[in-house]
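All residue numbers refer to positions in the sequence shown, counting from 1.
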Amino acid sequence: MLNDRPCIVNLISSRNTGHPLSLQLPQLGEVFYRDQLTPEAAAKLGPSVDVLVGASNLKVPKSELDLYPNLKMVADFGVGYDGFDTAEIIRRGLRFSHTPDVLSEDTADLGLALLLDVTRRVAQGDAFIRRGDWPKKNFPLGRRLFGKKLGIAGLGRIGSVIAQRSQAFRMEVGYTSRSPKNVPWQRFPDMKALAQWCDFLIVVIPGSPETHHLVNAEVLDALGPQGYLVNIARGALVDTDALIKALKEHRIAGAALDVFEHEPHVEEGLIALDNVVLTPHQGSATVETRADMADLAMRNIRKALSGQAVITPVPGTRKD
């Protein structure tokens, strides 16, 4: 604590001056941006830090946590927490919050927007007109959504919303999950079986070492030359080299990706292809949802600073 005010280290970039959570954090205490601290300054400040704020696209390893021996809690601006050393956070008995639920609707909407884009060639059509090709060439046909089979890998919060939205397109839904759900849709035992069945495969599984490259060459071949892949989960779930090869060889029809293995770097092999749609990890990126995420993160931090249980703890972490 500094000057009787909580001390907060913010891992979210100081260059993101309009970030909704960063704008609110000074209400709670003294805020220091990690990217503005020299190693010496971080080491000196470390024992005073009460709260560490990160985001789901950031890495928070043990070496970072080691800087803050008197830390009270870690706040994740996002639903995913695979970049955080959760085992170490648990070992230290820290409160650890994230922001689930409030982003499910918008992320699901982006998943379906990507599916519509890649199947109906929306981005391709825009580029076609801007190049001046319309008077000179015929634009290729797309594929319909209604009446098709939609495979949802991971029927959690976001996957469930996607399934509900898909009913407006009269799509048949299948899914994978760790355990059966009380839903009217067919459950498949694994990713390959789901890919063999569906026309469109949307990946919404949390990232973890166990799910690394879950979508591999075998799954892509099961999806087949008329199938489309959409990934709005984590880039590491998909074997990027295998995907590029499958797209080049037209072993699948197309892909739409909001996440990438080495983001913000995107492989040139993906950028060069015209049967793939790319967006910059913007699943929750609406004004409304980011405001809701910031509000939830602030409420969690306030609870932790007052010694109370956080509202939305990361599964498996401290609840009291």
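Legend: ring-ring contact (aromatic ring centres under 6.0 Å, His included) pairs involving residues 226-280, not counting sequence neighbours, sorted by first then second residue: Phe200-Tyr228. For residues 284-309, no residue pair satisfies the ring-ring contact (aromatic ring centres under 6.0 Å, His included) rule, not counting sequence neighbours. For residues 52-94, the set of pairs meeting the ring-ring contact (aromatic ring centres under 6.0 Å, His included) definition, not counting sequence neighbours, comprises His19-Phe77, Tyr81-His98, Phe84-Phe96.
Taking Phe188 as the reference, Trp197 meet the ring pair (Phe, Tyr, Trp, His ring centres under 6.0 Å) condition, with sequence neighbours excluded. Take Thr38 and apply the side-chain contact (heavy atoms from CB on, under 4.5 Å) test, not counting sequence neighbours, and it matches Glu40, Ala41. Take Asp221 and apply the salt bridge (Lys or Arg N to Asp or Glu O under 4.0 Å) test, not counting sequence neighbours, and it matches Arg251. Applying the salt bridge (Lys or Arg N to Asp or Glu O under 4.0 Å) criterion to Lys245, with sequence neighbours excluded, gives Glu249. In this structure, Glu288 has no salt bridge (Lys or Arg N to Asp or Glu O under 4.0 Å) partners at least two apart in sequence or on a different chain. For Glu261, the side-chain hydrogen bond (donor to acceptor under 3.5 Å, both in side chains) test picks out His213, Thr240, with sequence neighbours left out.
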Q. Could you walk me through whether Asp106 and Ser284 pass the side chain to side chain donor-acceptor pair (under 3.5 Å) check?
A. CA-CA 6 Å; Asp106 282 352; Ser284 64; over 6 Å; no

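We find that Glu263 and Arg234 are not joined by a salt bridge, their nearest charged nitrogen and carboxylate oxygen being 4.0 Å or further apart. Using a 4.0 Å cut-off between charged nitrogen and carboxylate oxygen, Asp295 and Arg299 do not count as a salt-bridge pair.
Once rounded to the nearest 0.5 Å, the distance linking CD1 of Ile301 with OG of Ser97 reads 6.5 Å. Within the model, atoms CZ of Arg157 and OG of Ser160 stand 10.0 Å from one another, a figure rounded to the nearest 0.5 Å. With rounding to the nearest 0.5 Å, the separation of OH in Tyr33 from CG in Asn16 is 8.0 Å. Here the straight-line distance linking atom CG of Leu114 with atom CG of Asp109 works out to 11.0 Å at 0.5 Å rounding.
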Review item, side-chain donor-acceptor pairs of residues 87-95, under 3.5 Å, at least two apart:
{"residue": "Glu88", "atom": "OE1", "partner": "Arg91", "partner atom": "NE", "Å": "3.1"}
{"residue": "Glu88", "atom": "OE2", "partner": "Arg91", "partner atom": "NE", "Å": "3.3"}
{"residue": "Glu88", "atom": "OE2", "partner": "Arg91", "partner atom": "NH2", "Å": "2.8"}
{"residue": "Glu88", "atom": "OE2", "partner": "Arg92", "partner atom": "NE", "Å": "2.6"}
{"residue": "Glu88", "atom": "OE2", "partner": "Arg92", "partner atom": "NH2", "Å": "3.0"}
{"residue": "Arg92", "atom": "NH1", "partner": "Leu65", "partner atom": "O", "Å": "2.9"}
{"residue": "Arg92", "atom": "NH2", "partner": "Asp66", "partner atom": "OD1", "Å": "2.3"}
{"residue": "Arg95", "atom": "NE", "partner": "Gln308", "partner atom": "O", "Å": "2.9"}
{"residue": "Arg95", "atom": "NE", "partner": "Asp320", "partner atom": "O", "Å": "2.8"}
{"residue": "Arg95", "atom": "NH2", "partner": "Gly307", "partner atom": "O", "Å": "3.1"}
{"residue": "Arg95", "atom": "NH2", "partner": "Asp320", "partner atom": "O", "Å": "3.0"}

Show me the donor-acceptor pairs within less than 3.5 Å that the side chains of residues 201-208 make with the rest of the protein, sequence neighbours left out.
{"residue": "Ser208", "atom": "OG", "partner": "Glu210", "partner atom": "N", "Å": "3.3"}
{"residue": "Ser208", "atom": "OG", "partner": "Glu210", "partner atom": "OE1", "Å": "3.2"}
{"residue": "Ser208", "atom": "OG", "partner": "Thr211", "partner atom": "N", "Å": "3.4"}
{"residue": "Ser208", "atom": "OG", "partner": "Thr211", "partner atom": "OG1", "Å": "3.3"}

Could you list the donor-acceptor pairs under 3.5 angstrom formed by side chains in residues 132-156, with sequence neighbours left out?
{"residue": "Asp133", "atom": "OD2", "partner": "Arg131", "partner atom": "NE", "Å": "2.8"}
{"residue": "Asp133", "atom": "OD2", "partner": "Arg131", "partner atom": "NH2", "Å": "3.0"}
{"residue": "Arg143", "atom": "NH1", "partner": "Gln226", "partner atom": "OE1", "Å": "2.5"}

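Across all non-hydrogen atoms, the minimal contact from Asn216 to Asp239 is CA-CB, 4.2 Å. Taking both residues in full, the closest heavy atoms of Lys319 and Pro313 are given as CG-CG, 4.3 Å, listed atom of the first, atom of the second, then distance.
In terms of modelled atom types and a separation under 3.5 Å, the side chain of Asn275 and the main chain of Leu247 share a donor-acceptor contact.
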